[in-house]
Structures are given as structure tokens and as C-alpha cells.
Amino acid sequence: MESQQSHDQLHVIFFPFPAPGHMLPMIDTARLFAKHGVNVTIITTRANALTFQKTIDSDFNSGYSIKTQLIQFPSAQVGLPDNVENIKDVTSFEMFGKIGHGLWMLQDPIEVLFHDLQPDCIVTDMMYPWTVDSAAKLGIPRIYYSSSSYFSNCAAHFIRKYRPQDNSVSDTQKFTIPGLPHIIEMNPLQIPDWLRTNNFVATYFEPIFESEKRSYGTLYNSFHELESDYEKLSSTTMGIKSWSVGPVSAWINKDDEKKANRGHMELSIGEESELINWLNSKPNESVLYVSFGSLTRLSHQQIVELAYGLENAGQNFIWVVREKDKDVDGEDFLHDFEERMKQSKRGYIIWNWAPQLLILDHPSTGGIVTHCGWNSTLESLNSSLPMITWPMFNEQFFNEKLLVDVLKIGVPVGTIVNKFWFEIGEEALVRREEIVKTVGILMGSGQESKEMRMRAKKLGDASKRTIEEGGHSYNSLIQLIDELKSLKKSKALGEKEDQIIEMKM
Ligand code: UDP
């Protein structure tokens, strides 16, 4: 009976890309599938698994059919130190390339795993275009997992198609993105390098877009009520199915322990209670949370401007600083600053990894300074927080436009250059005066802030409703799982018929 049951059960493999912004939502989604009766296998490497295995074990012990299948990362072959298996741990462009090389080397062993595990479907990160062929070989659907918004994907699509930036006479002259339901203006420097100049990265993305079109469909960590216009536009332009099942972080990480440990080995009890006590000591909606996601690194000069900006703004704040942000000059500066903030009780520095979901959901948190990474955007939205938008690279500038121009819940700090941290120069420096000004608008008691807060609250409510039973995202997930079950059934039926025909012949 048991083997019959497991044979009938839908088996889905999830294969995440090793960067927190890709991996965390995919793990959340995999856990949601398991919670809805699917047998789930997550394929990843050892160092990556360590960041979420405790949660998977806890789900398994609660009766869900979910496990991790480890695969060895070829660290030695590509010349990386042990345990550097995630983009968040790279400190140079060279290391970035080595991780890419290591992932490329994993293709064959992963294909063997797919073959051995015989799943009914694979959900793979957009960065693995080759998996569309792996799925075809096995005669199963590949679902493309998008790590950003419908809005940014549509914007990138129309910029690639019509190249409106070519008509701008200078890098700072604005153009309108064609094909979108809202008037969205940007300047050429704000769009990703690979869209602007057709450089080597563009050729890297080509197979990714191609593979989306050949996939069974796309999974979005987004929700209908948030960007329905772009959900519709995306389905007409891409011509393939999509399912909006977000926000997955809020759906699956309901208790404080899950929120605190998401994406991290474990926060010590002391660290967590110190933070929570600090937040508890502050009035409601008085704390600004400042985070630039998992990949961005700030220059020393930018750290100094930000520190003084926050201090001069006179608002309570929590700031997440990476250990790797410290440079020789910076070390003393940040530690002195931290000491000063401790004494004034105005600011709280978190080193390296913050329990972001816990902070965003705390009643004392009243706003966020964000780099507009899609996950942080959704998570802030779910907590009904208005935002100061400070995009850094890639699609973050598109997400900023969604927040500021469409949803009207963001105040832009005014960044104008789209570059990854290791290419960024002084031209992108945000001065302390700008920081003071935007913090004043967002956290102040003016009309603009009140209206943004009201809109953010509405979106937060919609975000909570959509993942409840009967909500859009909830229905979308159930519909997808049912569809995959039917596909499995018809495949099994087809195979049976083939066998009968063969026997008759
Ligand atoms: N995150 C976190 N603590 C940190 C930094 C990041 O929990 O200190 C999580 C955050 O909640 C989000 C993800 O890591 O889910 C980062 O993804 P996002 O798309 O916001 O930005 P990226 O890191 O990809 O630039």
C-alpha cells in the first residue's frame, strides 16, 4: 500500500540557483508544494543545504514528504575554497565566474539524478536553461522559476524588443518604455548593462529567455492583486502559462522560529532576544529598517554617507552591514559608529545576516530602505511598509519604478547608475543630505507619508488575503498541482496503452 501510495503521489524536483534571492523563495515554494500533498525533492550542494536543512527536517517530521538531495560542488576543480558555494559569499568578479563554472560542471551529474529520481515535473531556476532539454528527455514538464516581478520582466522584454534607449541623445536623457500600460520613464544608465549595450552578458541571457518559451510554464513569486496588468501582459507577450503563487515567504513562514531562521543556519537565542527587546522598546512604526539584500557591497565612502545620513535624520533604525563591507579604513569607522548608536539607543547594527521577516513584521518597524530586490520588495509589502527605494543593479531599477510610479508606495533616493557592486564607482554615491531628506518624507507625519502608508496597508492586506484558502495565489497553486497530477495520470495512461499495443504486436 505504501509503495502504491508513493508511486501515485506527484513527485516534483526543485533545483534552486545558489543566491539567496533565488534560493529562498524556491525553498519556500517547494515547502508549499509538500504542504499540499506533493512529494518534493530539493537538489542542492552541502553548504547551501546547511542554510535551510533544519526547516526541511522540521517539515518532514510534521509529516510532509520533503527531502534534500545533496550533490557535490566541484570546489577544488574550479579553485574555490571549501564552503563557497553561494553567490552571496563571493568577494570578487573572479570568484563569481568560478561559481558559474562549478554550476556548469554540475549539469551532467544533475541530469543523472533527474534520470534516477524519475520525477513527474522539475521546477528549476531561470538560470538553468539547459534543464528544459533534461525535462524533454524525460518526457516531463519543466517549470521555469522567475526570480523577479512580472513588471520587470515585461519592461526588460519591451526594451530588448524596441531598444527605446537608442533614441536618447545622452545617457541621462529619459525615454519611455514602450508597450507598458503605464508611462514608465527611465534613462539609459538605469537599465542593466546587458540590455543597454548588448554585451557578453546579453548572450548569456539569450538561452534563458529562449528556455522560458519552451518551458511548460512560469512560476512567479508575485500575486494577482499586486500587478494584474503585468500578469496579463506577460501572458500575451510570452505566450506561455504562468502561475502567481506569492508571497511565498509569508505563506509558509508563519511562526517566529521559521521567520527568524530563514536563509540562515541559526540565530543564537541571545542575538534574537537582544534585537527583539530593542524593537520592543521603540514606539510603533518608528523604526526604519535598512538593508541592501544579500549581494550588494557598499564602498567605504557610501557607508560613511549612509551612516551620517541615518544619524542626522534622527530616526530609529536597524542597519544590516556585511562583514565583507569592512575595508581597512572602514573597520574603525563602523565600529565607532555602532558604539555611538548603542549609546544613543537610536540605531541597531546587525552584522551579516538579519532575520528580515521577523524585523519587517514587528509593529515598531515603520519603513524600509531597500535595494528593491524582488523578495525584499514583496516581504516589505506584505508587512504593509512604505519604502525608500535605492536600487543598485539589474532589474532592481524596474522594481523601483513599480513601487514609485505604479504602486506609489516608494520614495526614490535618486540612484541613477545600474551596476553590480564590483563595477560601481563614485558616480553612484548617494549623499547624506539625500538620505536625510527621503527619510524625513517617508517617516515624517506629512500628507505624502500618510497616503503612502495607506496604500501600503491596502497592499499588505491584499497580500495576506491572496494566500488564504480561496485567495488568488492559493487557488493558483492548487490549480497548478492539480494540472501536474492530471499530466502524470495521462502520461501513465499513455504508457499503459503503448505497452498494450506493443504486447498485441
Ligand atoms: N535576507 C535576509 N537577511 C539578510 C539579507 C537578505 O533574510 O540579511 C533575505 C531577504 O529576506 C530576501 C532575500 O534574502 O528574501 C534577498 O533577496 P532579494 O531579492 O531581496 O535581494 P538580493 O539579495 O537577491 O539582491
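Order of listing sets the numbers, starting from 1, for every ligand and every atom in it.
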| request: Quick one: pull up CZ in F317 and CZ in R346 and give me the separation to the nearest 0.5 Å. | output: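 Between F317 CZ and R346 CZ, I get 9.0 Å after rounding to 0.5 Å.
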Output the list of atoms in ligand 1 that are nearer than 4.0 Å to some heavy atom of [X], sorted by atom number.
{"X": "W374", "value": "19 (O)"}
{"X": "R262", "value": "11 (O), 15 (O)"}
{"X": "G373", "value": "18 (P), 19 (O), 20 (O), 21 (O)"}
{"X": "A354", "value": "2 (C), 3 (N), 4 (C), 7 (O), 8 (O)"}
{"X": "L24", "value": "9 (C), 13 (C), 14 (O), 15 (O)"}
{"X": "V320", "value": "8 (O)"}

| query | For ligand 1, is there an atom lying under 4.0 Å from some heavy atom of H22? | reply |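 No; H22 lies far enough from ligand 1 that no heavy-atom distance drops under 4.0 Å.
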Using a plain distance cutoff, I'd like to know if [X] has any nitrogen or oxygen under 3.5 Å from a nitrogen or oxygen of ligand 1.
{"X": "P20", "answer": "no"}
{"X": "N375", "answer": "yes"}
{"X": "Q356", "answer": "yes"}

| task | Step through it carefully: locate the ring centre of Y145, locate the ring centre of Y220, and say whether they are under 6.0 Å apart. | result |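 Between Y145 and Y220, the centre distance exceeds or equals 6.0 Å.
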| Would you call E206 and R160 a salt bridge, using N to O less than 4.0 angstrom? |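 So E206 pairs with R160 through a salt bridge.
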| field | Nearest protein heavy atom with distance in Å, relative to atom 24 (O) of ligand 1 | value |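 For atom 24 (O) of ligand 1, the nearest protein heavy atom comes out as G21 CA, 3.4 Å.
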| Where is the nearest protein heavy atom to atom 5 (C) of ligand 1: which residue, which atom, and how far? |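 Protein heavy atom at minimum distance: R322 NH2, 3.5 Å.
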| request: Closest by any non-hydrogen atom to atom 23 (O) of ligand 1: pick that one out of S147, P355, S376, S294. | output: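 Heavy atom nearest to atom 23 (O) of ligand 1 belongs to S294.
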| task | With atom 15 (O) of ligand 1 as the reference point, say which of E395, E379, M392, Q396 has the nearest heavy atom. | result |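 Going through E395, E379, M392, Q396 one by one, E379 has the nearest heavy atom to atom 15 (O) of ligand 1.
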| Taking it one step at a time, do Y348 and E274 satisfy side-chain contact (heavy atoms from CB on, under 4.5 Å)? | CA-CA 10 Å; Y348 193 104; E274 190 190 325; 3.3 Å; yes
Should the ring pair [X] and [Y] be called parallel, tilted or perpendicular, given that the plane angle runs from 0 to 90° and is split at 30 and 60?
{"X": "H36", "Y": "W251", "result": "perpendicular"}
{"X": "F15", "Y": "W130", "result": "perpendicular"}
{"X": "F337", "Y": "F333", "result": "parallel"}
{"X": "Y230", "Y": "H182", "result": "parallel"}
{"X": "F205", "Y": "W194", "result": "parallel"}

| task | Please say whether more than 12 non-hydrogen atoms of neighbouring residues, nucleotides or ligands are located less than 6.0 Å from CD in E257. | result |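 Check fails, neighbour count at 12 or below.
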| Proximity to ligand 1 by part of H371, non-hydrogen separation under 4.0 Å |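 H371 to ligand 1: side-chain contact only, backbone stays beyond 4.0 Å.
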| said: Just to be sure I read this right, does ligand 1 sit under 4.0 Å from the backbone of W353, its side chain, both, or neither, counting only heavy atoms? | reply: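 Within the 4.0 Å criterion, W353 contacts ligand 1 through backbone and side-chain atoms alike.
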